[in-house]
There are 2 protein chains.
Amino acid sequence: MVVDSADEKQADRLFRALANPTRRDIVKRSMRDDYSVSALARCYTTSFAAVQKHVALLEAARLVSKRPRGREQIVRGNTEAIETARRLLDQFEEVWRERIDLFDKVLNQPEKEGPDAGDQH
Amino acid sequence: MVVDSADEKQADRLFRALANPTRRDIVKRSMRDDYSVSALARCYTTSFAAVQKHVALLEAARLVSKRPRGREQIVRGNTEAIETARRLLDQFEEVWRERIDLFDKVLNQPEKEGPDAGDQH
DNA sequence: ATAACCTACAATCAAATGGTTGTAGATAGC
DNA sequence: GCTATCTACAACCATTTGATTGTAGGTTAT
């Protein structure tokens with residue numbers, strides 16, 4: 001029941017990290033160009049520490065990675081995490097497809113009863 | 001700067017709603033079968049009111065919709081919201097592709113300077 | 001009508017979030 | 001060496017979240 005595995009926690013972190021406009025913007029920027037943490041901070045009106053925390057959160061969700069360059073940390077967007085999120089979304093549509101398949105199966109085998117009780121939408 | 005439009009708020013709600021294992025499970029269940037709110041509540045160890053609030057949150061994110069059937073409310077998963085989330089993820093990979101394209105363009109026009117300073121990865 | 005059930009909503013509470021300031025450690029440049 | 005810059009991290013604060021219990025209204029069935 002809601003298993004609460006490591007994968008689930010990672011899914012939590014992923015979607016949680018994406019649920020903030022500043023963080024989404026950071027992901028986009030760091031996908032497009034190289035940014036140090038302070039360079040990112042200059043893009044927003046919030047404090048450096050706030051941006052730093054956003055980056056840390058994104059890093060925990062594996063949406064970005066940091067690598068040191070001299071005294072600064074270069075933030076880099078990670079497409080694999082996006083792929084992971086996409087696969088998670090696929091799971092939802094997969095179970096939806098199961099419903100459709102089941103519905104079709106009932107439609108194509110009307111030997112038992114008429115589908116009058118079918119309350120589609 | 002981080003525009004904060006209605007679309008952005010909807011994206012916030014969408015990802016926020018997905019950032020919880022119980023809510024993700026509710027979405028899957030309601031995609032697969034019809035569930036009343038109380039039928040959903042019976043699937044989890046938490047209180048009815050807690051599940052009710054989860055459903056309200058999912059409804060605000062348009063991930064599910066409710067329709068009354070007698071005294072109960074039937075919760076139904078909505079694939080369109082999943083598609084919306086997928087499109088949002090597409091945006092990230094789109095800007096990433098821009099980076100790749102730009103990188104290719106530089107590689108194919110080495111007339112200016114040698115790309116020795118290129119710090120790939 | 002009465003009992004049982006489903007839902008809605010308010011009040012409450014602990015924990016997490018998003019933000020701030022301040023302090024301290026490294027590194028780069030003069 | 002000294003200064004400016006970049007980062008990390010702690011402490012703190014307001015708001016939100018996730019959950020609870022309790023109350024009330026509506027629907028179904030007996």
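Every value quoted in this text rests on a predicted model; they were computed, and no experiment measured them. Sequence lines set the chain letters: A, B, ... in the order given, protein chains first and strands last, and positions in each chain run from 1.
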#### Entry: Asp25(B) and Arg29(B) ion-paired at < 4.0 Å
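Yes.
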In terms of side-chain heavy atoms of [X], which of [options] is nearest?
X	options	value
Ser38(A)	dG22(C), dT20(D), dT7(D)	dT7(D)
Gln52(B)	dG22(C), dA8(C), dT20(D)	dA8(C)
Thr46(B)	dC9(D), dC9(C), dT20(D)	dT20(D)
Ser47(A)	dT20(D), dT7(C), dT21(C)	dT21(C)
Arg42(B)	dC6(C), dT20(C), dA19(D)	dC6(C)
Arg23(A)	dT7(D), dG22(D), dG18(C)	dG18(C)
Arg71(B)	dC6(D), dG26(D), dG18(D)	dG26(D)
Glu72(A)	dT20(D), dC9(D), dC6(D)	dC6(D)
Phe48(A)	dG19(C), dA8(D), dT20(D)	dA8(D)

Using whole Å, what does the distance between atom [atom2] of nucleotide [N] and atom [atom1] of [X] come to?
X	N	atom1	atom2	value
Leu40(A)	dC6(D)	CG	C1'	13 Å
Asp12(A)	dG18(D)	CG	P	10 Å
Asn20(B)	dA15(C)	CG	P	17 Å
Tyr35(B)	dT7(C)	OH	P	14 Å
Leu57(B)	dA19(D)	CG	C1'	13 Å
Lys53(A)	dA8(D)	NZ	P	14 Å
Leu18(B)	dG18(D)	CG	P	12 Å

### Message
Does Ser36(A) reach a base, just sugar-phosphate, or nothing at all? Heavy atoms under 4.0 Å.
### Response
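Answer is sugar-phosphate: Ser36(A) comes under 4.0 Å of backbone atoms only.
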### Message
Using a heavy-atom cut-off of 4.0 Å across all strands, would you classify Ala49(A) as base, sugar-phosphate, or nothing?
### Response
base
Distance check: side-chain N/O of [X] vs OP1/OP2 of [N], anything under 4.0 Å?
X	N	value
Lys66(B)	dA8(C)	yes
Arg13(A)	dT17(C)	no
Gln73(B)	dT7(C)	no
His54(A)	dG19(C)	yes
Arg16(B)	dG18(C)	no

Using a 3.5 Å distance criterion without hydrogens, assess whether the side chain of [X] forms a donor-acceptor pair with backbone atoms of [Y].
X	Y	answer
Arg24(A)	Leu18(A)	yes
Arg16(B)	Ala61(B)	no
Arg76(A)	Asp34(A)	no

### Message
Run the salt bridge (Lys or Arg N to Asp or Glu O under 4.0 Å) test on Asp12(B) and Arg23(A) for me, step by step, so that the C-alpha distance in whole Å, both residues' side-chain angles and the decisive distance to 0.1 Å come before the verdict.
### Response
CA-CA 10 Å; Asp12(B) 287 2; Arg23(A) 285 197 292 265; over 6 Å; no
### Query
Can you hop from Ile74(B) to Ile26(B) via hydrophobic side chains spaced under 4.5 Å?
no
